[in-house]
Amino acid sequence: LCSDNNSRHISGPGKAPNAADTPMNDLPVSVRMTGRFIIVESNFRLYAYTDSDLHAALIAMFSVVIYRFPGCMCGVMTRESVRQALLMGISSDKIVHYLKTHSHPDMEDLFPPNVCDQLKLWELETNKLAISNGVLYSNFLSQSHFQFLFDFAQSLSIEGGSSNASGNTIGAVLYANPARRLLVVHDSSHESVKKHWKKNKKLFESDS
């Protein structure tokens, strides 16, 4: 760890600091009073020059703490540590906002852009799978029965509706297999689909 006369602390690769190297009292009063005490590196390491247990706990929520001394702690953001934060409801935008809000004055306009991008990518990985409650329709007597309900469910609009591989919205349809006549619709649309079938099933009595 290197320190110049202006109390600017930049870590050297692979070299752990002594606690005496980074006392809080060596930091400018403006840094200690405004809470701008974090340095983030492009290798996802971060250095926090603070004695605050609260800030230490917050940083530990999205990083792996490597060491902590009086007035200084070092951590690294990993895929798993960030994922755990995301599962607790802490978004990548919130993590970046916290780091930028408390970034050291020497990091003005120097926040590593690759860190922002990677945090967002890790968040997108976590959001790949979405759980939705649905109702299965099966045992259709004919293909026309299936197609009738499929078309109706597809025309319905739900919040956060599904889309197919081409990006086209497919309404309340969560899954459909025409060959096996299987249809899964979002549970919020179940009553609408059921009422629509009861209202129009007489049209298909000749198919039975």
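The aromatic ring centres of Y49 and H104 sit 6.0 Å or more apart. Between F140 and F146, the gap from one ring centroid to the other is short of 6.0 Å. Ring-centre distance between W197 and F150: not below the 6.0 Å cut-off. Centroid-to-centroid, the aromatic rings of Y67 and F69 come within less than 6.0 Å.
Side-chain contact check for S144 and S142: at least one donor-acceptor pair (N or O, by modelled atom type) lies under 3.5 Å. Under 3.5 Å, the side chains of Q118 and N114 contain no donor-acceptor pair of N or O atoms. Side-chain contact check for H145 and Y137: no donor-acceptor pair (N or O, by modelled atom type) lies under 3.5 Å.
A donor-acceptor pair under 3.5 Å is formed between the side chain of S91 and the backbone N or O of K94.
Side-chain contact check for K194 versus H190: some heavy-atom pair is nearer than 4.5 Å.
Separation of atoms NE2 (H196) and OG (S155) is listed at 7.5 Å; rounding is to 0.5 Å. The structure places OH of Y47 at 12.0 Å from CE of M73, a figure rounded to the nearest 0.5 Å.
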Please tabulate, for side-chain N and O atoms in residues 74-82, each donor-acceptor pair with protein atoms closer than 3.5 Å (sequence neighbours left out).
| unit_1 | atom_1 | unit_2 | atom_2 | d |
| --- | --- | --- | --- | --- |
| T78 | OG1 | S81 | N | 3.1 |
| T78 | OG1 | S81 | OG | 3.1 |
| R79 | NE | E125 | OE1 | 3.0 |
| R79 | NH2 | E125 | OE1 | 2.8 |
| R79 | NH2 | E125 | OE2 | 2.9 |
| E80 | OE2 | Q84 | NE2 | 2.7 |
| S81 | OG | F62 | O | 3.1 |
| S81 | OG | T78 | N | 2.9 |
| S81 | OG | T78 | O | 3.1 |

Going through the distances and angles, do H186 and V135 end up as a side chain to side chain contact (heavy atoms under 4.5 Å, CB included)? CA-CA 6 Å; H186 198 279; V135 177; over 6 Å; no
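Atom CZ of R68 is surrounded by more than 12 heavy atoms from other residues, nucleotides or ligands within 6.0 Å.
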